[in-house]
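So you know, we letter chains A, B, ... as the sequences are listed, proteins then strands, and number each from 1. What you see is a predicted model, and the numbers here were worked out from it, not measured in a lab.
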Amino acid sequence: MRPGDHACYAFLTAADFRRMVADYFSEGAALGQQLLFMRGRGAPDDMVTDFGDAGLDAVIDLEARAQLLIVDPPAVDSMHGLSAALQDGLRMMTRQADASGFTGLRVAADATWGLAVAGDVSDVLTHELSMDRVVSETSATVVCGFHRPECTTGSIRLLEAIHPLEVGSDGDRTRFHLVMDGGDQVAVTGEVDLADEREFREALRALTAVVACPMLNLGALEFIDVRGLRVLADVARTLGERDRRLVLRHPSQLVRTCLSSTGLDRTPGLVID
Amino acid sequence: MPNVDHQAGLVHEALLYTSEEALADQVLPFIQEGIDAHEPVLVVAGPRCRKILRSELGSLVERLAGLLPAEDRWTKGSEVLQGYALELSALRRPGKPLRLVGEPVWTGWPEGREWLRYEAVVNHCFASWPYYSLCLYDRQAVPVDVIEDVARTHPLVSWDGRKSVSDRYLEPDRFLRAAEPTWERSPDSAPALRVTSFRQARAFVSHHGVRLGLGRNPEALMLASHELVANVVQHTGDTPVVSVWAQGDSLVCEVRDDGRGLDDPYAGYIPPRPEQERGRGLWMARCLADDLAVRSSKDGTTVRLYFRCAHDRRSGSWTARTSSP
């Protein structure tokens with residue numbers, strides 16, 4: 001993984017997650033990065049031993065250096081406050097890592113509990129999309145872990161769809177990806193069809209909570225069906241009602257044809273660039 | 001008796017003219033009447049007709065809602081229908097009927113016969129509109145078999161200035177059925193797939209589309225067939241069977257289900273309204289394919305998409321006409 005990467009890992013057991021994180025941290029340690037682990041709420045205090053058992057002690061001296069930090073999640077119980085605290089925290093920790101002479105910051109977090117705080121997966125999506133901007137801005141490397149047995153399949157599919165990368169997906173993932181691409185730019189890639197219609201709608205709805213007038217880059221989108229286009233039009237209409245808009249950039253000739261022949265191109269709030 | 005009062009609903013008349021004078025003699029009073037009654041009058045015609053009307057109308061041209069070129073306007077019959085629906089909607093005023101003078105310049109084109117079906121659909125989908133559609137046909141230029149279909153799709157026909165009820169007029173659903181491509185038996189060797197995922201179906205269709213000469217651009221075929229598959233899955237919960245074969249210079253892609261059947265003879269022929277919840281898939285498929293035919297009974301529905309393969313001289317490859325940019 002490279003600086004600025006933001007990945008999602010839906011893990012089956014805590015041991016799986018620790019092993020993955022130990023490998024991921026070993027790679028970061030070799031690059032001279034500071035390593036930050038944010039444990040889940042109610043996780044055991046002494047995780048240094050666990051990481052040692054998972055093989056991280058072969059790479060760094062876990063006790064002697066401050067290269068590995070293990071922190072608790074912020075004690076905030078509203079999703080909005082929590083999201084702000086996590087974004088600020090990431091900015092601050094990146095600056096500190098830099099000031100301490102590390103080449104960057106590598107973060108892993110067990111974020112499962114965030115789903116419980118939010119209550120609604122769309123708030124977590126909004127948070128993750130906001131976080132994605134901060135990750136790009138700070139050039140940190142971030143892995144968000146979610147304990148699969150505690151999450152619904154739908155939540156995992158959505159979380160994977162809006163993370164630029166995912167680790168160890170079970171294959172039942174959405175065929176599209178919706179990824180922040182700097183500023184108001186959002187890249188939609190892969191394939192959108194009625195199998196993922198609900199997730200596509202959810203992801204876009206979360207996006208509109210983060211970006212006022214999203215510019216969706218469809219240049220690398222491989223396929224979108226008429227139901228997918230309908231979702232884009234619905235989202236645009238809702239934005240249009242609030243004097244906002246949805247911009248479609250680089251749609252293929254076929255997408256343009258479909259939008260005009262279905263009349264969806266005339267949806268208020270939809271701009272085809 | 002067909003409707004002749006366009007205040008009460010659609011009047012759809014074919015005007016078959018034999019000379020420029022005859023054309024002017026018949027069209028001018030129609031336009032003048034509309035202007036006098038403050039009805040919006042729109043003219044969409046080919047270059048020759050436009051020239052004649054422009055010179056005959058003189059300053060009255062300014063009072064038209066538009067004098068628009070028909071020749072570069074459309075690439076599909078469905079676009080003609082949708083285009084008129086949009087333009088006429090924009091001109092509609094409460095309590096005011098509309099007049100259109102339209103010249104279907106595409107009648108002599110190879111795809112023109114398919115487009116004529118939309119002339120039939122006009123009778124159905126604009127039936128309640130206060131709208132007079134006067135369609136101009138040059139008897140010298142339009143092929144005889146097309147003239148026959150004009151009489152079958154227009155309730156009123158004017159020959160040499162004499163307006164009469166078309167005795168050959170067919171109800172639009174009957175015309176549509178009669179004008180569909182001939183339904184040939186699918187070859188036993190045609191590869192077939194029972195769909196288990198949308199993605200797999202698209203890959204299957206794309207693979208065979210390329211193999212059978214659709215070139216490197218199977219996207220339109222992939223999307224059109226996907227819309228048919230998606231309709232089956234969504235509306236019947238059934239798993240359709242998709243097959244692909246070559247027939248003449250066309251590629252045929254068939255999507256078959258065992259559902260309850262499709263009752264609506266106009267399915268996919270009517271432009272979708274923006275607020276419409278569903279019913280875009282079949283319209284989309286009709287827009288994307290060169291032609292589409294439906295066979296339906298209580299034992300299920302079979303839809304066939306036809307894509308013409310045409311040789312692209314520039315790239316030296318065979319590409320589908322509709323998928324070129």
Between CE on residue B/Met222 and CZ on residue A/Phe223, distance to nearest 0.5 Å: 6.0 Å
Rounded distance (nearest 0.5 Å) linking atom CD of B/Glu219 with atom OG of A/Ser252: 8.0 Å
Side chain / backbone / both / neither for B/Arg273 at chain A, heavy atoms under 4.5 Å: neither
Segment of A/Arg175 engaging chain B (4.5 angstrom heavy-atom cut-off): side chain
Engaged part of A/Ser260 at the chain B interface, taking heavy atoms whose separation is under 4.5 Å: backbone
A/Leu264 and B/Arg280, any side-chain heavy atoms less than 4.5 Å apart: yes
Structural part of B/Glu79 lying under 4.5 Å from a heavy atom of chain A: neither
CZ/A/Arg244: more than 12 non-hydrogen atoms of other groups inside 6.0 Å: yes
Atom CG of A/Asp172 with >12 non-hydrogen neighbours under 6.0 angstrom: yes
Spacing of B/Gln234 atom CD and A/Glu197 atom CD [to the nearest 0.5 Å]: 6.5 Å
Note, A/Cys258 side chain near B/Leu223 side chain (heavy atom, < 4.5 Å): yes
Atom pair CZ (B/Phe198) and CG (A/Leu194), whose distance is rounded to the nearest 0.5 Å: 3.5 Å
Stepwise side-chain contact (heavy atoms from CB on, under 4.5 Å) check, A/Asp193 with B/Arg199: CA-CA 9 Å; A/Asp193 63 26; B/Arg199 217 160 170 255; 5.5 Å; no
Over 12 non-hydrogen atoms of neighbours within 6.0 angstrom of CZ in A/Arg245: no
side-chain contact (heavy atoms from CB on, under 4.5 Å) assessment of B/His226 paired with A/Val226: CA-CA 10 Å; B/His226 168 85; A/Val226 74; over 6 Å; no
Side chain, backbone, both or neither of B/Pro272 within contact of chain A (heavy atoms, under 4.5 Å): both
With sequence neighbours excluded, residues passing side chain to side chain donor-acceptor pair (under 3.5 Å) with B/Glu227: A/Arg227
Region of A/Thr267 that comes under 4.5 Å of a non-hydrogen atom in chain B: neither
Flag side-chain contact, heavy atom, 4.5 Å: B/Met284 against A/Asp225: no
Heavy-atom proximity to chain B below 4.5 Å, by part of A/Ile224: backbone
